[in-house]
Amino acid sequence: MRTLAACGMLLLIIFSSCSSRQKIDLLIINGTVYTVDTAFSTTEAVAIRDGKIVATGSTADLQQQYEAREIVDVKGQFVYPGFIDAHAHFVGYGIGLQTADLTGTNSWEEILTRLREFATTQPNGWLIGRGWDQNDWAVKEFPDNKQLNTLFPDRPVLLTRVDGHAAIANQKALDMAGVKPGFKLTGGEVEVSNGQLTGILVDNAVDLVSTHIPAMDASSYREALLDAQRNCFAMGLTTIDDCGLGYKDVEAIDGLQKNGALKMRLYVMLSDAKENFDYLDKKKIIKTDRLHVRSFKVYGDGALGSRGACLLQPYSDKPGHYGFLLSQPEHFDSVANWIAQRDFQMCTHAIGDSGNRTILHTYGKYLKGKNDRRWRIEHAQVVSPEDFSLFAQWSVIPSVQPTHATSDMYWAGDRLGAQRVKGAYAYKQLLQQNGWLPLGTDFPVEDISPFKTFYAAVVRKDAKGWPDNGFQPENALTREEALRGMTIWAAKANFEEKEKGSIEAGKWADLVILDQDLLKADAGKLLNIRPTATFVGGEKVYEKK
């Protein structure tokens with residue numbers, strides 16, 4: 001029989017053992033945790049306190065070390081760093097959810113049908129829509145606005161192409177904007193046929209009409225962003241790079257984040273406009289837990305689908321047409337010069353091989369060799385063979401969107417020809433330049449799904465498994481590379497690799513839990529994977545019902 005003193009000593013040992021465990025907020029256990037650290041190691045459990053990761057390790061060890069207010073047993077599911085979309089349009093996507101959805105339409109007639117239906121729910125004001133792509137139609141030509149004029153003679157209509165680089169407006173909208181035949185501008189085109197406006201506006205010409213659309217009121221703007229946030233969290237996205245906003249958007253976003261309504265982390269690129277340069281020059285780098293503003297989005301050329309991308313040689317399917325730069329080269333030089341003198345980042349949209357060459361050489365003039373400025377080229381879609389090495393020479397970061405390859409592969413060869421297309425969507429070749437490559441979607445140009453990004457990067461096929469061997473499979477990424485591109489490399493592109501992008505102690509507890517393994521699932525199942533839960537700063541912001 002134990003003495004009273006012995007029993008007391010045993011109780012003291014038990015109490016001491018329990019009290020020595022550190023208190024934390026959340027313990028995630030019994031998973032396969034892909035840390036995406038330098039060694040690409042895996043473990044079983046994650047300890048979280050005050051929104052940050054305290055430790056990773058085995059379930060047994062962390063349960064012994066920590067006393068958690070809440071324990072989440074993922075029962076063998078797979079835990080990844082929260083996905084980071086390195087190039088998207090979060091605000092634009094949210095606003096687009098309030099307008100007519102024209103994605104997936106197979107003909108101009110189908111667009112008109114959708115628009116008529118949408119107009120019954122929105123009986124007043126402008127009719128706005130987005131998402132059409134003439135390359136998906138049997139007749140792969142731009143439409144004209146004759147039927148729009150008949151259907152909506154008294155309401156202005158503007159329907160933007162899926163890439164945002166072309167639109168069609170009805171006559172009412174054109175009249176309100178004062179657009180007439182023969183209108184000329186730099187970096188854009190107002191299409192005319194037989195002396196009459198067709199309604200087609202390409203690149204900078206779209207702004208002639210879009211600037212006349214009334215601004216969204218504060219309440220509608222808030223709802224648009226919350227709608228976007230809900231959909232993104234459901235896909236495991238925890239940080240979005242919003243490419244090309246105005247300073248007023250930044251202030252609205254900051255307000256919504258500070259009052260707790262908007263929990264999404266946003267890395268915002270301000271658009272190339274004087275008021276935005278003046279704003280950030282005065283404010284300097286803006287950095288909160290959820291908002292980071294230090295870069296500018298510049299627009300080099302147009303898009304390949306609307307033949308606005310600037311090429312070194314004419315389009316193979318439009319002789320004599322080269323596309324165009326959206327500004328004079330002197331403008332890019334002046335912006336680069338201004339940014340080079342400050343601790344900001346330059347991020348430039350460049351699609352065509354001429355557009356990429358122009359921007360690369362502009363960057364090189366100021367970067368002058370290896371550096372850590374992390375200036376980016378957004379898309380880097382068509383690159384001349386002799387220009388790939390310039391990314392490495394000047395430490396320029398290509399920021400790419402893998403689903404562009406699988407969306408464009410049906411017609412990219414027609415635009416570029418068999419030889420030139422080999423330098424297009426060349427993600428492996430671009431990765432080799434600096435050893436890392438951030439990945440995004442460009443939503444709403446593409447779907448918001450990071451699983452489509454992953455699939456397109458590693459499989460390079462469409463959802464039906466075409467083509468059999470993948471589109472230019474020599475430029476496919478490995479699964480590890482693709483996951484890094486959606487996490488730690490995307491964080492690095494934002495100067496945020498020390499605070500997110502991997503599951504390591506000291507970083508934000510931004511996590512996504514999947515019921516299937518991205519690294520090992522059959523290729524055919526990748527597109528069907530969905531999160532069961534998403535966490536931002538240790539807070540569960542999405543749970544599959």
Side-chain angles (χ1 to χ4, degrees), residues 84-92 163-165 239-247 249-250 265-274 276-277 279-281 285-287 291-303 309-310 325-327 329 331-352 355-367 371-381 383 390-391 394-401 404 430 433-434 436-443 445 485 489-497:
I84 301 173
D85 193 316
H87 184 109
H89 304 277
F90 178 79
V91 171
D163 58 11
H165 286 268
T239 294
I240 307 291
D241 289 17
D242 200 324
C243 303
L245 295 180
Y247 74 91
D249 290 295
V250 167
R265 301 193 201 277
L266 290 167
Y267 184 82
V268 173
M269 301 175 192
L270 288 170
S271 291
D272 174 7
K274 185 181 185 304
N276 294 330
F277 289 112
Y279 175 80
L280 203 61
D281 197 27
I285 293 172
I286 299 170
K287 186 72 169 68
L291 177 64
H292 194 177
V293 188
R294 66 182 299 155
S295 64
F296 289 92
K297 169 73 177 300
V298 181
Y299 304 85
D301 61 351
C310 192
L325 297 175
L326 297 185
S327 296
H331 174 73
F332 305 132
D333 184 86
S334 66
V335 172
N337 183 30
W338 188 88
I339 292 176
Q341 297 176 49
R342 295 159 176 83
D343 194 23
F344 298 144
Q345 181 190 43
M346 188 166 178
C347 305
T348 307
H349 164 116
I351 299 287
N356 275 283
R357 178 174 291 179
T358 298
I359 301 305
L360 282 165
H361 282 282
T362 302
Y363 280 11
K365 178 179 175 181
Y366 296 98
L367 297 176
N371 62 86
D372 194 36
R373 297 296 300 267
R374 305 188 197 182
W375 286 15
R376 296 164 47 165
I377 287 187
E378 306 299 318
H379 312 306
Q381 207 166 93
V383 179
L390 299 180
F391 287 91
W394 295 314
S395 302
V396 175
I397 309 308
S399 170
V400 302
Q401 302 76 46
H404 283 334
L430 289 168
Q433 303 312 308
N434 295 299
W436 58 286
L437 187 72
L439 305 181
T441 60
D442 202 12
F443 74 71
V445 176
W489 289 342
K492 187 176 180 179
N494 299 348
F495 299 87
E496 295 178 337
E497 72 273 21

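Everything numeric here is computed off the predicted structure, so don't read it as measured data.
Shown here are the ring pair (Phe, Tyr, Trp, His ring centres under 6.0 Å) partners of Phe277, two or more places apart in sequence or in another chain: Phe296, Trp338. Every residue two or more places apart in sequence or in another chain that forms a side-chain contact (heavy atoms from CB on, under 4.5 Å) with Ser327 is listed here: His331, Phe332. The side-chain contact (heavy atoms from CB on, under 4.5 Å) search around Ala309 returns Asp301, Leu304, Tyr315, Ile351, not counting sequence neighbours. Under the side-chain contact (heavy atoms from CB on, under 4.5 Å) criterion, Asp372 pairs with Arg374, not counting sequence neighbours. Under the ring pair (Phe, Tyr, Trp, His ring centres under 6.0 Å) criterion, Phe391 pairs with no residue at all, not counting sequence neighbours. Looking at residues two or more places apart in sequence or on another chain, you find a salt bridge (Lys or Arg N to Asp or Glu O under 4.0 Å) between Asp163 and Arg161. Judged as a salt bridge (Lys or Arg N to Asp or Glu O under 4.0 Å), and not counting sequence neighbours, the contacts of Asp281 are Lys284, Arg342. Shown here are the salt bridge (Lys or Arg N to Asp or Glu O under 4.0 Å) partners of Asp242, two or more places apart in sequence or in another chain: there are none. Residues satisfying the salt bridge (Lys or Arg N to Asp or Glu O under 4.0 Å) criterion with Arg373, sequence neighbours excluded, are absent altogether. Listed by chain and number, the residues in a ring pair (Phe, Tyr, Trp, His ring centres under 6.0 Å) with Tyr366 amount to none (sequence neighbours excluded). For Asp249, the side-chain contact (heavy atoms from CB on, under 4.5 Å) test picks out Val91, Tyr221, Leu245, with sequence neighbours left out. A search for side chain to side chain donor-acceptor pair (under 3.5 Å) contacts involving His89 returns Asp442, not counting sequence neighbours.
Minimum interatomic distance between Ser395 and Asn371 (heavy atoms only, all atoms of both residues): OG-N, 3.2 Å. Of all the heavy atoms in Gly485 and Ala490, the pair that sits closest is O-CB, 3.5 Å. Heavy atoms only, all atoms of each residue included: Pro398 and Pro438 are closest at O-CD, 3.4 Å. When all heavy atoms of Thr441 and Ala88 are compared, the pair lying nearest together is OG1-CB, 4.2 Å. Taking all atoms of both residues into account, the shortest heavy-atom contact from Pro329 to Leu325 is CG-CD1, 4.0 Å. Between Ser295 and Met269, the shortest heavy-atom distance links the atoms OG-CG, 3.1 Å.
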Full working for side-chain contact (heavy atoms from CB on, under 4.5 Å) between Arg376 and Asn494: CA-CA 10 Å; Arg376 296 164 47 165; Asn494 299 348; 3.0 Å; yes

Show your reasoning for whether side-chain contact (heavy atoms from CB on, under 4.5 Å) applies to His361 and Trp394. CA-CA 9 Å; His361 282 282; Trp394 295 314; 3.8 Å; yes

Could you walk me through whether Ile397 and Trp489 satisfy the side-chain contact (heavy atoms from CB on, under 4.5 Å) test, starting with their C-alpha distance in whole Å, then the side-chain angles of each, then the deciding distance to 0.1 Å, before giving a yes or no? CA-CA 10 Å; Ile397 309 308; Trp489 289 342; over 6 Å; no

side-chain contact (heavy atoms from CB on, under 4.5 Å) evaluation trace for Cys347 with His349: CA-CA 7 Å; Cys347 305; His349 164 116; over 6 Å; no

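Within the model, atoms CG of Asn356 and NE2 of His379 stand 10.0 Å from one another, a figure rounded to the nearest 0.5 Å. Going from atom CG of Leu326 over to atom CG of Asp272 covers 10.0 Å, rounded to the nearest 0.5 Å.
The shortest distance between side-chain heavy atoms of Val445 and His404 falls below 4.5 Å. Contact check for Gln433 versus Leu390: no side-chain heavy atoms found under the 4.5 Å cut-off. The side-chain heavy atoms of Val400 and Leu439, taken from C-beta on, include a pair separated by under 4.5 Å.
With hydrogens and angles disregarded, a donor-acceptor distance shorter than 3.5 Å links the side chain of Ser271 to the backbone of Gly244. Within the 3.5 Å criterion, the main-chain N or O of Val396 finds a donor-acceptor partner in the side chain of Asn434. Counting only distance, with no hydrogens or angles, the side chain of Asp85 and the backbone of Asp241 share no donor-acceptor pair below 3.5 Å.
Centroid-to-centroid, the aromatic rings of Trp375 and Tyr363 come within less than 6.0 Å.
Of the candidates Gln345, Glu496, His292, Tyr267 forms a side-chain hydrogen bond (donor to acceptor under 3.5 Å, both in side chains) with just one, namely Gln345.
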